[in-house]
A.B. asks: 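Below you will find the structure I want to go over with you.
By convention here, the first residue in the shown sequence is residue 1.
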Amino acid sequence: MCRHLAYLGPSATLEELLLRPAHGLYEQSWAPRRQTHGTVNADGFGVGWYPELPEPSEPQQPGLPGQQGPPRQPGQAGRSEEAAPAPVPFRYRRAVPIWADANLPDLVRSVRSPAVLAAVRSATAGTSQDESAAAPFRDGRHLFSHNGAVPDWTRLPDAIAAGRGPGAGAPLGAADLLALEAHSDTALLWAMLVRRLRRGEPAGGALAALVRQVASVRPDARLNLLLTDGEAITATRFGDTLWYRHTPGRVLVASEPDDVPGTATTGHWQEVPDHSLLLATRARVRIVPLRPARRPQRTPLRPFPGRNEPETHDMITDRSRFTLDNRLPADHLTNALRKDVTEGLTARPKTLPPKWFYDAQGSELFEQITGLPEYYPTRAEQEILTRRAPEIAALTRAATLFELGSGSSRKTRLLLDALTAAGTLSCYAPLDVSPSALEQAGAALVRDYPGLRVAATVTDFEADLTLPPDAPGPRLIAFLGSTIGNLDPEQRAAFYRSLRRTLSADDVLLLGADLVKDPKVLVRAYDDSAGVTAEFNKNVLNVIDRELEADFDPDAFAHVALWNDQEERIEMHLRSLRAQSVKVPALDLSVDFAPDELMRTEISCKFRRDSLTTELAASGLTVRHWWTDEAERFALLLAVPSR
């Protein structure tokens, strides 16, 4: 294993980047915190840097004496209209530990550069030990490093050729293999990558293709690759750690973060999710999910619902119709939980948002709740969908069904069936914060609906309500269940406005809403006789205990469900059974509870037709159709953008 970093930004000394930062690359060479394979990088190191470019001279008119080369075209890459691409970089490589090189401190103090790639090495067994095996490797303007290992790497080219996977047609010839710069897995990967770069493949596509090619025959390979040309950084996280910090004009990518505090000048460290491609310039950073190609495998045949003929295509074909766009930063849920708990426990009265009920245990408990005799909303909504789905399909003729908070997508099948029968549906675009829920639902849907493309998005709809740009219209946006009731009036207004901005003229909103009714019926639905809802409510304390190292005792709280007549909403609370103090070490927080003090954990607003129609109209949405179950407990409505 290795540790490596790449930098683009204002010219800095190598000392500032490599030696000076607390727990920077220099210290990581012997004391890495996130290295999972090997703990000491003592088999060599290297640094590559690009010389500072001279200040551009006064621009000259094309064709005048002294002009060098053709005039730059508008938009051509470069630091100015006259700037040339980054020149060929310099390298300094050694086969000794970085801390054992007595010349390094003088070198790094005296060299400045706006673009750097450096690495420390822990050699894979059976590889070269000389300086030729130390990263960075170089070809023209490119520098390259590899953090990871490829099992049985010497047979990798033959395995690719024999495996009939991506790039099966001999990735390297005999002459290429004999010309490897070093006897190592990294040198082999570099030769394979150089071949792609020299034939014009863009850096991001070349790295992604190389990872898929290798992983198709070496699924246990660790392939954290790092590439720069002095103008951009391209990297993969595939099996080990990768982080970045960015602010306009400066980006630093590293195997693990240093201890330098984040500022507006340096940016803050963010973790790159595993199996991702990072594309960075001084202006921006993009993270793209990266999934390896799978070798084709036949799977047991199974019939589709309603069909007598067996399935005749591979699961890999099914998977080609499923995409998952993870728009959440790797630390999004952690940061959101910390923020919500801090704000909620220090508020008066105390509150916690209901979204933190739903870890694996909470999701299982909610599934039990939906089957309880007291809990009518799920059954009432399903009754409406069963009766009205064909009508909804005929009215909307939707080509894309876009669903917010889709979860398992089970109820949605009534809509999918109706739209499929109507012959209009081509794409289902579910949105949820749970990648696993989307993966499981997507795998089942592409199996059961042969012509359907599933374009799933992992995001939080309250913060990011962007429809897939390539989803064909007209589009039906479904917000089912009674989730809209978890938002207070101000939150609902903000949600409607955000949604309205995304809707085209032929898009339609399908909204589920629980209706005002006898308070006794409502309270029983949220305080069942079996105590399942009480356990579900207390589960939020288990989540905080586990994720934030808190010491909540769920048995010291009682579940309470109340009807707020003035706000026309159910409120769930946790009531402290005694005076107690709860510590949340991860937040450096201590919270006192008085006896019988209530902490609100959920609101579930209930609606009337007139008031709900009015608040939608205020946000630019006109209700066209309104349906209820026979007992008029629950409503589904269709709303369109107001003209």
A.B. asks: If you look at every heavy atom in P51 and P87, which pair is closest and at what distance?
C.D. replies: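 Smallest interatomic distance, heavy atoms only, reads CG-CG, 3.4 Å.
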A.B. asks: Tell me if a side-chain donor or acceptor on N224 pairs with a main-chain N or O of F238 at a distance below 3.5 Å.
C.D. replies: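 Side chain of N224 to backbone of F238: a pair is present.
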A.B. asks: Partners of Y358 by side-chain hydrogen bond (donor to acceptor under 3.5 Å, both in side chains), sequence neighbours excluded?
C.D. replies: none
A.B. asks: Can you find a pair of side-chain heavy atoms, one from Y50 and one from T228, that are under 4.5 Å apart?
C.D. replies: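 A side-chain contact exists here, since the closest heavy-atom pair is under 4.5 Å.
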A.B. asks: How far does CG of L337 sit from OG1 of T342, to the nearest 0.5 angstrom?
C.D. replies: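 Answer for the CG-OG1 pair, L337 versus T342, is 8.5 Å.
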A.B. asks: With a 3.5 Å distance limit and no angle check, can you tell me whether D545 reaches the backbone of F552 through a side-chain donor-acceptor pair?
C.D. replies: yes
A.B. asks: Please determine whether a side-chain nitrogen of the Lys or Arg among R282 and E231 lies less than 4.0 Å from a carboxylate oxygen of the Asp or Glu.
C.D. replies: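 E231 and R282: salt-bridged.
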A.B. asks: Before giving the answer on side-chain contact (heavy atoms from CB on, under 4.5 Å), spell out for N147 and H4 the whole-Å C-alpha distance, their side-chain angles and the decisive distance to 0.1 Å.
C.D. replies: CA-CA 7 Å; N147 169 23; H4 56 198; 3.5 Å; yes
A.B. asks: When you measure from the side chain of R237 to the backbone N and O of V272, does any donor-acceptor pair fall under 3.5 Å?
C.D. replies: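 Checked: pair present.
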A.B. asks: Just wondering, do V253 and V251 contact through their side chains at under 4.5 Å, heavy atoms?
C.D. replies: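 Counting from C-beta outward, V251 and V253 do come under 4.5 Å.
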A.B. asks: Nearest heavy-atom pair of N326 and P435: which atoms, and what distance?
C.D. replies: ND2-CG, 4.2 Å
A.B. asks: As an exercise, state the distance from CZ of F357 to CG of L541, rounded to the nearest 0.5 Å.
C.D. replies: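 Here the interatomic distance stands at 9.0 Å.
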A.B. asks: Passes side-chain contact (heavy atoms from CB on, under 4.5 Å), L333 versus D460? Steps please.
C.D. replies: CA-CA 10 Å; L333 292 179; D460 183 345; over 6 Å; no
A.B. asks: Does any part of the side chain of P114, heavy atoms only, come nearer than 4.5 Å to the side chain of E52, both counted from C-beta?
C.D. replies: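 A side-chain contact under 4.5 Å exists here.
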A.B. asks: Are the side chain of R250 and the backbone N or O of G267 linked by a donor-acceptor pair below 3.5 Å?
C.D. replies: no
A.B. asks: Does the side chain of K355 come within less than 4.5 Å of D340's, by heavy atoms?
C.D. replies: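 In contact.
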A.B. asks: Restricting to side-chain hydrogen bond (donor to acceptor under 3.5 Å, both in side chains), what partner residues turn up for S590, sequence neighbours left out?
C.D. replies: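 S590: side-chain hydrogen bond (donor to acceptor under 3.5 Å, both in side chains) contacts with S581.
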A.B. asks: Under 3.5 Å, side chain of S29 to main-chain N/O of P97, donor-acceptor pair present?
C.D. replies: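 Answer holds: no.
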A.B. asks: Under 3.5 Å, which donor-acceptor pairs do the side chains of residues 185-192 form with other protein atoms, sequence neighbours left out?
C.D. replies:
residue : atom : partner : partner atom : Å
D185    : OD2  : T124    : OG1          : 3.2
D185    : OD2  : V150    : N            : 3.2
T186    : OG1  : H146    : ND1          : 3.0

A.B. asks: Taking atom CG of L107 and atom CG of L19, what is their separation to the nearest 0.5 Å?
C.D. replies: 10.0 Å
A.B. asks: Under a 4.0 Å N-O cut-off, is there an ion pair linking D258 with R245?
C.D. replies: yes
A.B. asks: Do V88 and R138 have side-chain heavy atoms sitting under 4.5 Å apart?
C.D. replies: yes
A.B. asks: Assess whether atom CG of D106 is packed by more than 12 heavy atoms of other residues, nucleotides or ligands within 6.0 Å.
C.D. replies: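 Enclosed: over 12 neighbouring heavy atoms sit under 6.0 Å from CG of D106.
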A.B. asks: Does the distance from a Lys or Arg side-chain N to an Asp or Glu carboxylate O, for R93 and E131, drop under 4.0 Å?
C.D. replies: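 Judged by the 4.0 Å cut-off on N to carboxylate O distance, R93 and E131 do not form a salt bridge.
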A.B. asks: In terms of relative ring orientation, are W99 and W30 parallel, tilted or perpendicular, with 30° and 60° separating the classes?
C.D. replies: perpendicular
A.B. asks: Closer than 3.5 angstrom, by distance alone: can the side chain of N539 be matched with the main-chain N or O of N542 as a donor-acceptor pair?
C.D. replies: no
A.B. asks: Going from CZ on R218 to CG on D152, what distance comes out if it is rounded to the nearest 0.5 angstrom?
C.D. replies: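 Interatomic distance, R218 CZ to D152 CG, rounded to 0.5 Å: 4.5 Å.
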A.B. asks: Looking only at non-hydrogen atoms, find the nearest pair between R112 and T13 and report the distance.
C.D. replies: NH1-CG2, 3.3 Å
A.B. asks: How long is the span from the CG atom in L18 to the CH2 atom in W49, to the nearest 0.5 Å?
C.D. replies: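 Nearest 0.5 Å value for the CG-CH2 distance: 10.0 Å.
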A.B. asks: Is it true that, when you exclude R546 itself, more than 12 heavy atoms of the residues, nucleotides or ligands shown sit nearer than 6.0 Å to its CZ?
C.D. replies: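 Count over threshold, so yes.
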A.B. asks: side-chain contact (heavy atoms from CB on, under 4.5 Å) between R196 and Q213: does it pass, once the steps are laid out?
C.D. replies: CA-CA 12 Å; R196 291 180 176 276; Q213 185 181 51; 3.6 Å; yes
A.B. asks: Between E181 and R91, is there a salt bridge with N-O shorter than 4.0 Å?
C.D. replies: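 A salt bridge links R91 with E181.
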A.B. asks: Heavy atoms, side chains only, cut-off 4.5 Å: are H142 and F137 in contact?
C.D. replies: no
A.B. asks: Quick one: closest heavy-atom pair of V454 and P430, and the distance?
C.D. replies: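 Closest approach of V454 to P430, heavy atoms only: CG1-CD, 4.0 Å.
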A.B. asks: Assess the residue pair E256 and W269 against the criterion (side-chain contact (heavy atoms from CB on, under 4.5 Å)); give the C-alpha distance rounded to whole Å, side-chain angles, the decisive distance to 0.1 Å, and a yes or no.
C.D. replies: CA-CA 9 Å; E256 58 184 86; W269 284 109; over 6 Å; no
A.B. asks: Ignoring hydrogens and angles, tell me if any N or O in the side chain of T266 forms a donor-acceptor pair with the backbone of T263 under 3.5 Å.
C.D. replies: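 Pair found, side chain donor or acceptor close to backbone of T263.
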A.B. asks: Tell me the closest heavy-atom pair linking A254 and L5, and the distance in Å.
C.D. replies: CB-CB, 4.0 Å
A.B. asks: Taking all atoms of both residues into account, what is the closest heavy-atom pair of H246 and P248, and its distance?
C.D. replies: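 Taking H246 first and P248 second, the nearest heavy atoms are CE1-N, 4.1 Å.
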A.B. asks: Is T457 reaching over with its side chain to a backbone N or O of L431, donor-acceptor style, under 3.5 angstrom?
C.D. replies: no
A.B. asks: Taking atom CG of L548 and atom CG of L587, what is their separation to the nearest 0.5 Å?
C.D. replies: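 Interatomic distance, L548 CG to L587 CG, rounded to 0.5 Å: 5.0 Å.
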A.B. asks: Does the side chain of P257 reach to within under 4.5 Å of the side chain of R33, using non-hydrogen atoms?
C.D. replies: no
A.B. asks: May I ask you to test the V194-F144 pair for a side-chain heavy-atom distance under 4.5 Å?
C.D. replies: no
